[in-house]
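In what follows, a structure is listed as structure tokens, so that the remarks can point back to it.
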There are 2 protein chains.
Amino acid sequence: MTQVRKRRPPATPKQAAACCGPLDDLLDPVLFKAFSDPTRVALIACIAKCGRGCSVGEIAECCSVDFSVVSRHLALLARSGVLEATKDGRTVFYRVRYSELCRSLRSLADALDECCPAKGGASNGKCC
Amino acid sequence: MTQVRKRRPPATPKQAAACCGPLDDLLDPVLFKAFSDPTRVALIACIAKCGRGCSVGEIAECCSVDFSVVSRHLALLARSGVLEATKDGRTVFYRVRYSELCRSLRSLADALDECCPAKGGASNGKCC
DNA sequence: TGCGTACTTGCGTCATAGTGCAAGTATTGG
DNA sequence: CCAATACTTGCACTATGACGCAAGTACGCA
């Protein structure tokens, strides 16, 4: 019978870098860049806790920076997939893309677990 | 009898910003800044997939930037809680803090769910 | 059609951050 | 004790990004 050979974790970091796994796609700098600025994080928290679509004007009342700055941050957050923009007349509503965001975060956590030797992850071949 | 009044989600973003919930702590810009640079992300993926503690020299072979740059990135990643450094003689080993990282990511996902109206989150009062 | 509201975009400024080189520090082995 | 190894740190340069102001665009309403 053919034995199912368990894939080993890469012996060196260089080998690890060469073999692509789920981590490489999930560790997206563009997504996490969205969460790397205090002002943006405040905006995200604000909209997330509100639980509904919010207009730019409403959101701008939450923080002390200029209206134009808020507008730019929101556009960036929409581009990076954190928020979703819908336009109604001249008002733009931004809402949090809860499910997509949660899925990304949990997938990343899962992918990390797959690599973790302590959890038997690294020897199951799913890491890369 | 006293009725257990379900807390409503904040009516406006400004109100939402004022009430502190789990999100405010979990949305940590310092942590996510670690994941916001392509070079750093490559280093993290490299070490994570390797599944063991890696020396700075080994890690530096993975990417094209200068050795000193790698050293600085690794130090930053350790400061922000992504990596853990242990010194053995003159060699420093960096390893991924899998469990802490996964916990942070999953907690954030959970906190977001608590805010999501579609999942009945926003009306349970746990959001803020 | 003109005006006000809601938002976006261009531009200049300033601060922060990434990078490479070179020098410095710690540790090991001869 | 000296030299080599492994890494860190100082310094200068450049790039990127956050910010505010002002001008521009889009839309609704009278």
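The chains referred to below are lettered A, B, ... by the order of the sequence lines, with proteins before strands, and numbering in each begins at 1. The structure displayed is predicted, hence computed values, not measured ones.
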Is there a side-chain contact between [X] and the phosphate of [N], meaning an N or O under 4.0 Å from OP1 or OP2?
{"X": "A:T39", "N": "D:dA18", "value": "no"}
{"X": "A:H73", "N": "D:dC19", "value": "yes"}
{"X": "B:S71", "N": "D:dT8", "value": "yes"}

Could you pull out the closest heavy-atom pair between [X] and [Y], with the gap in Å?
{"X": "A:A34", "Y": "A:R40", "result": "O-NE, 3.0 Å"}
{"X": "B:E61", "Y": "A:K14", "result": "O-CE, 3.7 Å"}
{"X": "B:Y98", "Y": "B:I47", "result": "OH-O, 4.0 Å"}

In whole Å, what is the span from the [atom1] atom of [X] to the [atom2] atom of [N]?
{"X": "B:F67", "N": "C:dA23", "atom1": "CZ", "atom2": "C1'", "value": "15 Å"}
{"X": "B:R90", "N": "D:dA6", "atom1": "CZ", "atom2": "C1'", "value": "7 Å"}
{"X": "A:K87", "N": "D:dA26", "atom1": "NZ", "atom2": "P", "value": "8 Å"}
{"X": "B:L76", "N": "C:dG18", "atom1": "CG", "atom2": "P", "value": "7 Å"}
{"X": "B:L43", "N": "C:dT19", "atom1": "CG", "atom2": "P", "value": "9 Å"}
{"X": "A:L77", "N": "D:dA18", "atom1": "CG", "atom2": "P", "value": "10 Å"}
{"X": "A:D88", "N": "D:dC27", "atom1": "CG", "atom2": "P", "value": "12 Å"}
{"X": "A:R40", "N": "D:dG17", "atom1": "CZ", "atom2": "C1'", "value": "8 Å"}

Out of D:dA22, C:dG20, C:dT27, minimum distance to the side chain of A:S68 belongs to D:dA22
Among the nucleotides C:dG20, D:dG17, D:dC7, which one has an atom lying closest to any side-chain atom of A:K33?
-> D:dG17
Looking at every strand, decide which applies to B:Y94 at a 4.0 Å heavy-atom threshold: base, sugar-phosphate, or nothing.
-> sugar-phosphate
If you look at every strand shown and take non-hydrogen atoms under 4.0 Å, does A:T91 touch a base, only sugar-phosphate, or nothing?
-> sugar-phosphate
Tell me which of A:V70 and B:V69 sits closer to the 5' end of DNA chain C, going by the nucleotide each one is nearest to.
-> A:V70
Would you state whether a donor and an acceptor, one from the side chain of A:R72 and one from the base of D:dG17, lie under 3.5 Å apart?
-> no
Please name the residue in the list A:P13, A:C127, A:P22 that meets the side chain to side chain contact (heavy atoms under 4.5 Å, CB included) test with B:K49.
-> A:C127
More 5' along DNA chain D: B:F93 or A:S36, using each one's nearest nucleotide?
-> B:F93
Without swapping roles, check the side chain of A:S71 against the backbone of A:F67 for a donor-acceptor pair under 3.5 Å.
-> no
